[in-house]
Structures are given as structure tokens and as C-alpha cells.
Amino acid sequence: MCIERGREGEQRCFPLDSLSRAQSIEGEGGEEDKMKPVVGIVVSNKMQKSVVVAVDRLFHHKLYNRYVKRTSKFMAHDENNDCNIGDRVKLDPSRPLSKWKHWVVAEILRRAKVYVPPSPTAPAPSRPAMGSP
């Protein structure tokens, strides 16, 4: 299979068994180069319709023979402002929505546990004085 590229009309030929490689060179039908959905934790929701999500990944360091944890932070589009800090969310790739946003919040997998202080109308339990038995 031959592909024409360049201004001079140069051709690159590949055997038929490397068809997928030829397609990925041309940019059509290459599934390898697409971004995969990721899961992470919301670390900021101070923007309108945007959240920052921290995604952890582990990889094996060949020299140290240990697993190393790296964190990447992605900005994602949250259409309804549903996400709160600490939520576990799934992100799907999308077209570039701004300079930094290339992800969309697909679903909220787990809500964060938010501390709710007790209401002031409830009577506080009384304590005995320190000196009395």
C-alpha cells in the first residue's frame, strides 16, 4: 500500500500487514492516539461550569524497581455545576472547549462526605461541673 505525502509527491509504501500503521500515519482510523476516559478526584470547583480534577497513575520505575505514583491535574467542563470538592468523577475527552479544557465530566461516581454542623436549635447536652460529684 502506498501513500502520497509532501509537496514533491513522494510516496511511502508499506506491506499490507502493516495497514494499521499506515492508517495511523495518515491520521485516519487510529484508535491508539485517542485519549481514554479517566477517573479522578475534584480538587477545585471555584470556576463557573469548570472543575479541576486530580488523576493519579502508577508506573513501574525500571531503575529503582518500584512503583511510582504521579498526579496530573485536568480542567474539565461541568455543565450544571454539580461537582463538589472531593467527589470522584469520570472524565470523557472532548474537543477543546478553551485553552486548558479538553475534558467533560461524564458522571459523578461517588459524592464526597460533607460535614454538616449540628443545628443551633437542638439543646446541647449539659455537663456536670468540675467540682461537683
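Bear in mind that the values here come from a model prediction, so they are computed numbers and not experimental data. Both backbone and side-chain heavy atoms feed into the values below; hydrogens, waters and symmetry mates do not.
The two atoms that bring A112 and I85 nearest to each other are CB-O, 3.4 Å, heavy atoms only. The two residues W103 and L91 make their nearest non-hydrogen contact at CE3-CB, 3.9 Å. In terms of heavy atoms, K90 sits closest to P37 at CE-CB, 3.8 Å. Contact detail for H102 and S98: the closest heavy-atom pair is NE2-O, 4.0 Å.
Between K73 and V43 the shortest side-chain heavy-atom distance falls below 4.5 Å. Counting heavy atoms from C-beta outward, I41 and V89 have side chains that stay 4.5 Å or more apart. Taking 4.5 Å as the limit, every side-chain heavy atom of V42 sits out of range of all side-chain heavy atoms of N84.
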Q) So I108 and C83, side-chain contact (heavy atoms from CB on, under 4.5 Å) or not? Walk me through it. A) CA-CA 7 Å; I108 299 173; C83 296; 4.0 Å; yes

Q) Taking it one step at a time, do M47 and M75 satisfy side-chain contact (heavy atoms from CB on, under 4.5 Å)? A) CA-CA 10 Å; M47 299 160 281; M75 284 187 62; 3.6 Å; yes

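Under the 3.5 Å distance criterion, the side-chain polar atoms of N45 are left unmatched by any main-chain donor or acceptor of V51. H77 contributes a side-chain N or O that, together with a main-chain N or O of K49, makes up a donor-acceptor pair within less than 3.5 Å.
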Contacts table for residues 52-61: side-chain donor-acceptor under 3.5 angstrom, sequence neighbours left out:
residue : atom : partner : partner atom : Å
D56     : OD1  : T71     : OG1          : 2.6
H60     : NE2  : N65     : OD1          : 2.9
H61     : ND1  : L63     : N            : 3.3
H61     : ND1  : Y64     : N            : 3.2

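Surrounding CD of E79 are more than 12 heavy atoms belonging to other residues, nucleotides or ligands, all under 6.0 Å away.
Applying the salt bridge (charged side-chain N to carboxylate O under 4.0 Å, His left out) test to D87 and every residue at least two apart in sequence or in another chain returns R111.
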